[in-house]
Amino acid sequence: MAKKILVLEDETSIRSFVVINLRRAGYDPIEAGTGAEAFEQLRQNPDTQIALLDIMLPDTDGFEVCRKIRASDSQIGIIMLSAKAQDVDKITGLMTGADDYITKPFNSVELIARIDALVRRSGASAVVDPGEVSQGPFRLNTRNRTLEKNGERVKLTQVEYSIIKMFMDNPGKALSRDDILATVWGRDYYGEVKIADVNIRRLRLKIEDDPTNPTFITTVWGYGYKWGL
Ligand code: CA
């Protein structure tokens, strides 16, 4: 289904230009000429992914509209449309809740490129991909069973992978050695609890910045370990 994009612009010639180009690029534009119309459109179209907000409007200004949208929606992407005469420093200072801005006159290629980029970014945070877990510098790919730290592959054994997966599934939670053994080695494992310590020590060598002073996998004395960032 085409992604909905709100176009808030009171100048009809500019709005038509934007709307035509959005349709051509496969988006589903919804239109507003005032702040009040914009809020009404968003109320009727809660699945709107991106809002393009003109700054000078008849009933309010685009920054105020941006603030009000952001107060209730952290996911929507917001791009401010600014006139060339407006001071860029002032705009960027005021657009605290906006993701991007584009200066008029803009061409359709530039506009669509900005929107595409924002759709990709906001889509990445809105849609939880069950195949990937990202935390701090780490990215765990649960399909390939691989781990990256700062974009670099960390070579893990299957056991180490299972341990880090367990940690990333339980951020900030103290896990006992028995919990770790049961999850990673299985409930029917009757070996030494120390095996967990051995593997975790090795895992620390691979993922910690300073393995002698671990910050990602910390020890919970007399109990087990905790994953934190
Ligand atoms: Ca205007």
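These figures come from a predicted structure and were not determined experimentally. Read the numbers this way: they start at 1 and go in the same order the structure lists the ligands and their atoms.
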Handout entry: Remaining members of hydrophobic cluster (4.5 Å side-chain criterion), Ile20
Key = none

Give every donor-acceptor pair under 3.5 Å between a side-chain atom in residues 222-229 and any protein atom, sequence neighbours left out.
from, atom 1, to, atom 2, distance (Å)
Tyr225, OH, Asp197, OD1, 2.4
Trp227, NE1, Gln135, OE1, 2.8

Distance-only check: which donor-acceptor pairs under 3.5 Å involve side-chain atoms of residues 28-38, not counting sequence neighbours?
from, atom 1, to, atom 2, distance (Å)
Glu31, OE1, Arg15, NE, 3.0
Thr34, OG1, Glu37, N, 3.0
Glu37, OE1, Gly33, N, 2.8

Practice task
Could you walk me through whether Ile76 and Leu42 pass side-chain contact (heavy atoms from CB on, under 4.5 Å), step by step?
Solution key: CA-CA 11 Å; Ile76 193 169; Leu42 288 173; 4.2 Å; yes

Practice task
Take the Ca ion (ligand 1) and tell me which protein N, O or S atoms are nearer than 3.0 Å.
Solution key: Asp10 OD1, Asp54 OD2, Met56 O

Handout entry: Charged N-O contact under 4.0 Å between Glu152 and Lys149
Key = no

Handout entry: Test item: Glu208 side-chain N/O and Thr215 main-chain N/O as donor-acceptor pair under 3.5 Å
Key = yes

